[in-house]
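To start, the structure itself, in structure tokens.
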Amino acid sequence: MALSNLKKEMQLMETSCQVVDEGWPEAWYMVPDAEVANQKCENRLSPNQPVDVAAMRALGLCYWKMDADTYTYPVKSIPWDPNEADDPRLKALRDDRGYSYADVLTIHPDFLPGFDTHVKNFFTEHIHDGEEIRYILGGSGFFDVRDPQDNWVRVHVKKGDLITLPEGIYHRFTCDETDYIHAMRLFIGTPCWTPINRFTTDTENHPSRKQYVCLYCTPQGLTDDKGQETKC
């Protein structure tokens, strides 16, 4: 039985199928922003309020477990051609989801000039007008995403995690207390790095935010021309 399960796991790692719920990163509700003394700490509520996989999926997050041990990547490469991927699972994801551009970054004081300023800027709440895709090649950090009630959900991503955030979701990122994360950013088509910051831009009326609200914050969601919901 154990050998059969191992074979299934090995076969899965050559496809773009998402992993079972037990493989997702840990997530929890955060304390209010006014109580965050250090953005790099876990900042859990007391008692802890975990967020399960069903809730993360309902927010539009998607997740894949990757093999970040077998395959190696540069410390920094802007750009990095996803056609150079050796990992069959990354190749399958690239082809199935249309990722045509990538870059690789290492966020650490030794590799990122102005580290403290960059990490502070990453923590500014914002949206994007496209999906955000991050493959964690090493280290760890936190993605914070807003739920429909505007509460923060903190997702602890680690080596081997590939996570996507849907277009229009309010979010932010920070290193954890290790001050180290090695990550690949993937894009469909022309890359766009510019965040659309909340509170300095009218994000609520931005088309990407309106689309997200319709998809994930209202009961009916959006439908395609066949009358089917368009959630991932």
Side-chain angles (χ1 to χ4, degrees), residues 12 15-33 36 42-66 93 96-99 122-136 140-158 160-174 176 183 185-188 195-198 203-232:
L12 175 68
T15 74
S16 60
C17 294
Q18 294 193 55
V19 298
V20 296
D21 290 0
E22 290 78 8
W24 280 59
E26 184 186 8
W28 56 86
Y29 276 105
M30 287 186 68
V31 299
D33 281 348
V36 176
E42 291 187 342
N43 290 299
R44 299 174 187 258
L45 292 172
S46 182
N48 184 46
Q49 293 186 22
V51 176
D52 62 19
V53 174
M56 285 190 275
R57 289 185 188 274
L59 293 174
L61 276 61
C62 296
Y63 173 78
W64 291 262
K65 188 64 179 179
M66 308 294 291
L93 272 169
D96 289 354
R97 297 179 69 86
Y99 299 145
F122 295 155
F123 204 58
T124 300
E125 184 176 358
H126 61 281
I127 63 173
H128 293 294
D129 59 3
E131 180 184 55
E132 179 159 339
I133 308 104
R134 294 294 181 272
Y135 174 16
I136 311 305
S140 52
F142 298 116
F143 272 110
D144 300 336
V145 296
R146 291 281 194 187
D147 75 359
Q149 288 72 46
D150 224 27
N151 299 309
W152 281 118
V153 172
R154 172 151 280 195
V155 184
H156 198 186
V157 292
K158 300 178 181 180
D161 293 338
L162 191 153
I163 192 168
T164 68
L165 310 184
E167 175 181 346
I169 191 172
Y170 286 127
H171 66 284
R172 62 191 182 189
F173 173 80
T174 184
D176 58 19
R185 305 188 295 184
L186 293 147
F187 299 87
I188 300 171
I196 305 163
N197 291 338
R198 192 177 188 182
T203 48
E204 287 299 312
N205 286 311
H206 191 282
S208 294
R209 180 60 187 171
K210 287 184 174 181
Q211 173 181 282
Y212 179 81
V213 169
C214 286
L215 278 168
Y216 298 104
C217 300
T218 58
Q220 69 274 18
L222 286 178
T223 57
D224 61 19
D225 57 5
K226 297 179 181 179
Q228 298 176 328
E229 285 196 11
T230 56
K231 291 183 182 180
C232 72

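Remember, it's a predicted structure, so these values are computed and weren't measured experimentally.
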Check the pair His126 / His171 against side-chain contact (heavy atoms from CB on, under 4.5 Å), numbers first and verdict last. CA-CA 6 Å; His126 61 281; His171 66 284; 3.1 Å; yes
Pair Leu186, Thr164 - check side-chain contact (heavy atoms from CB on, under 4.5 Å), show working. CA-CA 10 Å; Leu186 293 147; Thr164 68; over 6 Å; no
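- Minimum interatomic distance between Pro166 and Gly60 (heavy atoms only, all atoms of both residues): CD-O, 3.4 Å.
- Put simply, OH on Tyr63 and CG on Leu162 are 8.5 Å apart, with the number rounded to the nearest 0.5 Å.
- Each of Leu215, Val213, Asp147, Val145 was scored for a side chain to side chain contact (heavy atoms under 4.5 Å, CB included) with Ile169, with one residue passing: Val145.
- Neither side chain, Asp150 nor Tyr170, offers a donor N or O lying under 3.5 Å from an acceptor on the other.
- Classification of the Trp28-Phe142 ring pair by plane angle, with boundaries at 30° and 60°, yields perpendicular.
- At distances below 3.5 Å, at least one donor-acceptor pair connects side-chain atoms of Tyr212 with backbone N or O atoms of Leu59.
- In this structure the side chain of Asn205 reaches within 4.5 angstrom of the side chain of Lys210, judged on heavy atoms.
- The side-chain heavy atoms of Val155 and Val51, taken from C-beta on, include no pair separated by under 4.5 Å.
- Scanning for side-chain hydrogen bond (donor to acceptor under 3.5 Å, both in side chains) contacts around His206 gives an empty result, with sequence neighbours left out.
- Rounded to the nearest 0.5 Å, atoms CH2 (Trp64) and CZ (Arg97) are 3.5 Å apart.
- Looking at His128, its side chain never comes within 3.5 Å of a backbone N or O of Ile196 through a donor-acceptor pair.
- Inter-residue side-chain proximity for Glu42 and Glu26 is flagged as unmet; no heavy-atom pair is nearer than 4.5 Å.
- For the 3.5 Å distance criterion, the side chains of Ser140 and Asp176 qualify, holding a donor opposite an acceptor.
- The distance from the CZ atom of Arg154 to the CG atom of Leu45 is 11.5 Å, given to the nearest 0.5 Å.
- Legend: residues meeting side-chain hydrogen bond (donor to acceptor under 3.5 Å, both in side chains) with Gln49, ordered by chain and number and at least two apart, are absent.
- Listed by chain and number, the residues in a salt bridge (Lys or Arg N to Asp or Glu O under 4.0 Å) with Arg209 are Glu204 (sequence neighbours excluded).
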Let's go through Met66 and Leu93 carefully: what are the C-alpha distance in whole Å and the side-chain angles of both, what is the deciding distance for side-chain contact (heavy atoms from CB on, under 4.5 Å) to 0.1 Å, and is it a yes or a no? CA-CA 10 Å; Met66 308 294 291; Leu93 272 169; 3.7 Å; yes
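- Applying the salt bridge (Lys or Arg N to Asp or Glu O under 4.0 Å) criterion to Arg172, with sequence neighbours excluded, gives Asp33, Asp144.
- Rounding to the nearest 0.5 Å gives a distance of 11.5 Å between CH2 of Trp152 and CZ of Phe143.
- For the atom pair CG (Asp52) and CH2 (Trp24), the distance works out to 10.5 Å, reported to the nearest 0.5 Å.
- Partners of Tyr135 according to the ring pair (Phe, Tyr, Trp, His ring centres under 6.0 Å) rule, which considers only residues two or more places apart in sequence or in another chain, do not exist here.
- Taking the salt bridge (Lys or Arg N to Asp or Glu O under 4.0 Å) definition, one finds that Glu132 meets it with Arg134, sequence neighbours left out.
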side-chain contact (heavy atoms from CB on, under 4.5 Å) for Ile127 and Arg198? Distances and angles first, verdict last. CA-CA 7 Å; Ile127 63 173; Arg198 192 177 188 182; over 6 Å; no
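- The heavy-atom pair separating Asp129 from Ser208 by the smallest distance is CA-OG, 3.2 Å.
- Between Asp161 and Lys65 the shortest side-chain heavy-atom distance falls below 4.5 Å.
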